[in-house]
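Below is one structure, written out as structure tokens, with a few remarks after it.
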Amino acid sequence: MKPRVRFAPSPTGFLHVGSARTALFNWLYARSTGGTYILRVEDTDQERNRPELTQQLLKELEWLGLDWDEGPIFQSEKLERHREVVQTFLEDGYAYLCDNENREVEGTVLTEGLAVRFRMPKGKTISFTDLVRGEVTFNTGDLEDFVIWRSNGTPMFLLANAVDDADMGITHAIRGEDLLSGVPKVLLLLDAMGVKHPTYAHLPLLVNEQRKKLSKRRDDVAVGDYREKGFLPEAMVNYLALLGWGPPDGVEIRSLPEIVKIFDIEDVNKAAAFFDIQKFEHINSSYLRDLSKEDFMQRVEPWIGNGAPWPEENFDSEKFSTMADLIQEKLRTLSDAPRFVDFLFLEQPDVDEESWKKTMKDPQVADSLLGHVADSFEDCEWETDVLKDLVTKAGEKVDLKLGKAQAPLRVAVTGRTVGPPLFETMSCCMTREEVLKRISDARKSL
RNA sequence: GCCCCGUUCGUCUAGUGGCCUAGGACGCCAGGUUCUCAACUUGGUAGCACGGGUUCGAAUCCCGUACGGGGUACCA
């Protein structure tokens with residue numbers, strides 16, 4: 001039988017990286033086994049459920065490239081089926097009615113204003129084999145009767161989850177470890193329905209620096225935030241796959257299709273993992289560098305279009321296209337792009353204070369150097385090699401090597417010590433007049 | 001409290017009884033290359049939580065301890 005798995009988020013907030021990782025591992029399992037990946041929206045919590053978030057959720061999953069084969073199926077549409085199962089439980093004596101004070105109420109008919117609790121059998125041992133954790137055992141004596149139906153006429157998570165998994169023919173439930181404790185209850189529910197148990201695989205949790213479970217409330221971990229920071233979806237899924245799993249050959253940066261080939265759910269770790277933004281950035285920059293020119297231009301567009309830190313009318317797409325070749329390899333995220341080119345589209349460079357202090361700390365030297373540079377730039381050939389040569393010579397006059405000598409000029413022209421290759425940028429994207437103006441402006445500010 | 005789960009460099013991981021004086025990646029440090037940065041490159045840093053067993057041999061198996069986490073809702 002072909003595996004059937006599902007990702008079952010509840011639309012109570014933005015998709016966060018932990019959920020995305022669960023979605024990814026379900027997807028990987030389905031794709032690597034030839035199974036079916038189903039999307040199910042668990043929207044039974046009427047209080048917190050927000051329909052508009054569902055659309056957002058689907059968008060994020062699409063962005064990540066985690067396409068689903070069936071669904072989205074909305075749990076809220078299965079209300080009648082859930083009611084039917086609960087009613088049967090009541091009739092068969094598996095469950096009982098109870099009031100607001102948790103007192104048992106006589107009767108076997110679902111009644112408005114009354115909740116339903118599942119009766120926990122006494123003295124039973126419940127074991128199951130988890131694909132990640134191995135054999136896990138619980139005693140029913142440690143568990144209590146639990147609510148499966150709210151007094152407001154809606155099903156509880158465990159019930160809806162068990163019924164839907166059974167009805168959808170889910171063969172493998174792959175999800176976060178925070179749900180491990182709920183398994184014995186679900187198994188009891190499944191037994192009461194007389195259906196087979198799915199196989200479980202509980203993924204290690206993703207934790208914050210305090211080693212606590214990542215939460216949408218206290219941790220800034222929405223997938224959308226990373227998209228907006230300029231991370232690539234392929235880098236995101238690649239990094240997420242590395243949390244709790246490692247490729248046997250040690251090659252970490254590889255595409256999703258390649259990961260599908262070597263992924264095995266049984267290789268997943270048991271221990272919680274910390275989401276390390278530095279490593280994520282490293283992976284992202286690697287994917288960024290590997291982008292074709294055309295692809296890069298397309299992806300970077302949102303960061304240099306509307307909202308970029310320069311007047312829109314100053315933007316010159318041809319200049320940017322030239323610059324793209326020079327800066328693509330330097331970016332860690334797409335949002336780094338503007339600050340590598342902003343000086344071209346601003347009237348005045350946006351001068352970074354630290355950079356200024358560092359390079360102009362000796363105003364005499366800086367002024368003399370910039371003076372020599374300006375003089376030699378007056379009527380030279382406007383070419384990369386020529387400019388580089390002239391700055392080298394200017395540097396020699398104040399006893400500085402090119403590495404040091406270019407710094408004040410770079411800050412005068414671009415406003416920062418870090419940026420694209422200076423001489424090429426000047427010769428290709430700036431006029432002699434512009435450069436001389438900036439040198440002269442900088443000297444006045446010394 | 002009770003139940004369940006976990007513990008290899010700072011971080012993510014490889015490791016399924018001998019190939020481990022524990023490998024890789026990120027980070028960090030030092031050097032090379034270089035017009036800055038990045039990239040690239042050379043080297044370095046740092047770990048099997050602890051204590052008992054089992055075994056000729058244990059990071060790997062067993063028991064205990066410590067620490068961490070998850071659950072224990074008419075949330076999911």
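Within every chain, numbering begins at 1; the chains are lettered A, B, ... in the order of the sequence lines, protein sequences first and strands thereafter. Just so we're clear, the structure is a prediction, and the values are computed from it rather than from any experiment.
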Look at the side chain of R416(A) and the base of C37(B), then say whether one donor and one acceptor between them are separated by less than 3.5 Å. no

Using a 4.0 Å heavy-atom cut-off across all strands, classify T137(A) as base, sugar-phosphate, or nothing. sugar-phosphate

Mind checking L205(A) for me? I need base, sugar-phosphate or nothing, with any heavy atom below 4.0 Å counting as a touch. sugar-phosphate

Point-to-point distance, once rounded to the nearest 0.5 Å, from OG1 of T108(A) to CG of L97(A): 8.0 Å

Straight-line distance of R117(A) CZ to I148(A) CD1, nearest 0.5 Å: 10.5 Å

Closest to side chain of K212(A), choosing from A39(B), G69(B), C26(B): G69(B)

Rounded to whole angstroms, how far apart are CG on D290(A) and C1' on A38(B)? 14 Å

Which nucleotide wins on minimum distance to the side chain of D142(A), given the candidates C2(B), U7(B), C37(B)? C2(B)

Please report the distance separating the C1' of G53(B) from the corresponding atom of A14(B), rounded so that it comes out in whole Å. 28 Å

Ranking U13(B), G27(B), A76(B) by distance to the side chain of F157(A), first place goes to A76(B)

Return the nearest nucleotide to the side chain of L422(A); candidates are A73(B), G6(B), C35(B). C35(B)

Paired to C56(B) by Watson-Crick or G-U wobble criteria (both distances under 3.5 Å) is G18(B)

Rounding to the closest angstrom, what is the interatomic distance between U45(B) and G24(B) at atom P? 12 Å

Counting only side-chain heavy atoms from C-beta out, which of A76(B), A39(B), C12(B) sits nearest to L243(A)? C12(B)

Within the 4.0 Å heavy-atom criterion, would you say F138(A) contacts the bases, only the backbone, or no part of the nucleic acid? sugar-phosphate

C1'-based separation of G69(B) from U34(B) [nearest Å]: 47 Å

When rounded to whole Å, the CG to C1' distance for the pair N161(A) and C75(B) reads 13 Å

Which nucleotide in the set A38(B), C12(B), G6(B) lies at the smallest distance from any side-chain heavy atom of E329(A)? A38(B)

Do N284(A) and T333(A) have side-chain N/O donor and acceptor atoms under 3.5 Å apart? no

Taking the side chain as everything from C-beta on, heavy atoms only, tell me whether T22(A) gets closer than 4.5 Å to N26(A). yes

A14(B) OP1/OP2 closer than 4.0 Å to side-chain N/O of N269(A): yes

Tell me whether the NZ or CZ atom of K229(A) lies within the 45° cone about the ring axis of Y226(A) and under 6.0 Å from its centre. yes

Measuring from C429(A):SG to E424(A):CD, what's the distance to the nearest 0.5 Å? 9.0 Å

R117(A) vs C74(B): side-chain N/O to OP1/OP2 distance below 4.0 Å: yes

Please classify the nucleic acid contact of E252(A) as base, sugar-phosphate, or nothing, using heavy-atom distances under 4.0 Å. base

ring-ring contact (aromatic ring centres under 6.0 Å, His included) with H172(A): of Y200(A), Y29(A), F25(A), only one passes, and it is Y29(A)

Separation of atom CG in D276(A) from atom P in C9(B), rounded to whole Å: 15 Å

Determine the contact category for R410(A): base if any of its heavy atoms lies under 4.0 Å from a base atom, sugar-phosphate if only primed atoms, P, OP1 or OP2 are that close, otherwise nothing. base

In whole angstrom, give the distance that lies between atom CZ of F340(A) and atom P of C37(B). 11 Å

Interatomic distance, T154(A) atom OG1 to W149(A) atom CH2 [nearest 0.5 angstrom]: 6.5 Å

Pair partner, C40(B) [Watson-Crick or wobble, under 3.5 Å]: G32(B)

Using Watson-Crick or G-U wobble geometry with both distances under 3.5 Å, which nucleotide pairs with G6(B)? C67(B)

Base partner of A76(B), which must satisfy Watson-Crick or wobble distances under 3.5 Å: none

Using the C1' atom in both, what is the distance from G43(B) to C48(B), to the nearest Å? 25 Å

Looking at K388(A), I'd like to know whether one of its side-chain N or O atoms comes within less than 4.0 Å of OP1 or OP2 on C35(B). yes

Can you check whether any acceptor in the base of C74(B) is under 3.5 Å from a donor in the side chain of S151(A), or vice versa? yes

Rounded off to whole Å, could you give me the CG-to-C1' distance for the L179(A) and C5(B) pair? 13 Å

Which of these nucleotides, C26(B), C5(B), U36(B), is closest to any side-chain atom of K330(A)? U36(B)

Of the listed nucleotides (C4(B), A73(B), A25(B)), which one gets closest to any side-chain atom of M156(A)? A73(B)

Scan every strand shown for a Watson-Crick or G-U wobble partner of A25(B), both distances under 3.5 Å, and answer none if you come up empty. U11(B)

U11(B) and G18(B): how far apart are their C1' atoms, nearest whole angstrom? 30 Å

Which of the following nucleotides, G68(B), A76(B), C40(B), is nearest to the side chain of R289(A)? C40(B)

Separation of U13(B) atom P from F280(A) atom CZ, nearest Å, is 16 Å

Face-on cation placement of K185(A) at F146(A) ring, 6.0 Å and 45° thresholds: yes

Taking atom P in both A49(B) and C9(B), compute the distance separating them and give it to the nearest angstrom. 7 Å

Of the listed nucleotides (G24(B), C74(B), C35(B)), which one gets closest to any side-chain atom of P421(A)? C35(B)

Take N102(A) and G244(A), find for each the nucleotide of RNA chain B with the closest heavy atom, and name the residue whose nucleotide sits nearer the 5' end. G244(A)

For atom C1', what is the distance between U65(B) and C29(B), given to the nearest Å? 37 Å

Counting only side-chain nitrogens and oxygens, does R339(A) get under 4.0 Å of the OP1 or OP2 atom of C37(B)? no

Starting from P on C67(B), measure out to CZ on R211(A) and report it in whole angstrom. 17 Å

Answer yes or no: does a side-chain N or O of K213(A) lie under 4.0 Å from OP1 or OP2 of G71(B)? yes

If you assign each of A115(A) and E135(A) to its closest nucleotide in RNA chain B, which residue comes earlier from the 5' end? E135(A)

Greater than 12 external heavy atoms within 6.0 Å of D399(A)'s CG: no

Classify D99(A) by what it touches in the nucleic acid, base, sugar-phosphate, or nothing, heavy-atom distance under 4.0 Å. base

Separation of L214(A) atom CG from G69(B) atom P, in whole Å? 14 Å

Using the C1' atom in both, what is the distance from A73(B) to A58(B), to the nearest Å? 44 Å

Indicate, with a heavy-atom threshold strictly under 4.0 Å, whether P420(A) touches base, sugar-phosphate, or nothing. base

So does E177(A) reach the base of G6(B) with its side chain, donor to acceptor, closer than 3.5 Å? no

